[in-house]
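Scroll down for the structure; my scribbles are underneath it.
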Amino acid sequence: MEKENNPRHAVPAKNHSLTMENRRRAVLTGVNEVLGFDENQVTLMTENGEIALTGEGLHVTKLMLEEGQMAVEGKIDGVIYTQRTRRRGLFRRGAQ
């Protein structure tokens, strides 16, 4: 059987995880770049695509792009994944 250009046959993305603690703290891995942030939204690119955390009083408490790690604290009321896979960010892993 011949493989076609089908997403089901695509090369799997690298690992990404999101751990939420009481909707007050989110810890993410597989983070490639930060696309934007303010007290109401943190948008970033992961190994599996774009993700936005929404809420109130959000602030980044840990950012280690070389290791692909990030932590956000505040009142988190939404997690949104999109299919976008590339945008120009503010901070990028391996950026000069």
Atom pair CD (Gln41) and CG (Leu58), whose distance is rounded to the nearest 0.5 Å = 9.0 Å
request  = Sequence neighbours left out, what pairs pass ring-ring contact (aromatic ring centres under 6.0 Å, His included) with at least one residue falling in residues 38-69?
outcome  = none
ask   = Hey, does the side chain of Asn22 reach the backbone of Arg24 with a donor-acceptor pair shorter than 3.5 angstrom?
value = no
ask   = Around Glu21, counting heavy atoms of other residues, nucleotides and ligands shown, do more than 12 lie under 6.0 Å from its CD?
value = yes
inquiry  = Does any part of the side chain of Met64, heavy atoms only, come nearer than 4.5 Å to the side chain of Met70, both counted from C-beta?
reply    = no
key: Min side-chain heavy-atom separation Leu63-Val34 under 4.5 Å   = yes
message = Could you tell me if the side chain of Glu47 sits less than 4.5 Å from the side chain of Asn32, heavy atoms only?
response = yes
query = Are Val27 and Leu44 linked, directly or through other ILVMFWY residues, by side chains that come within less than 4.5 angstrom of each other?
reply = no
ask   = Under 4.5 Å between any side-chain heavy atoms of Val79 and Met20, yes or no?
value = yes
ask   = Are any non-hydrogen side-chain atoms of Glu33 and Val31 less than 4.5 angstrom apart?
value = no
query = Heavy atoms, side chains only, cut-off 4.5 Å: are Ile80 and Thr54 in contact?
reply = yes
ask   = Is there a donor-acceptor pair under 3.5 Å between the side chain of Arg25 and the backbone N or O of Glu73?
value = no
Side-chain heavy atoms of Leu53 within contact of Leu28, under 4.5 Å = yes
task = Say whether, by atom type as modelled, one donor and one acceptor occur between the side chain of Thr43 and the main chain of Leu35 under 3.5 angstrom.
result = no
task = Kindly say whether Asn48 contributes a backbone atom to a donor-acceptor pair with the side chain of His16 at under 3.5 angstrom?
result = no
task = Walk me through it: do Thr61 and Val72 pass the test side chain to side chain contact (heavy atoms under 4.5 Å, CB included)?
result = CA-CA 6 Å; Thr61 58; Val72 176; over 6 Å; no
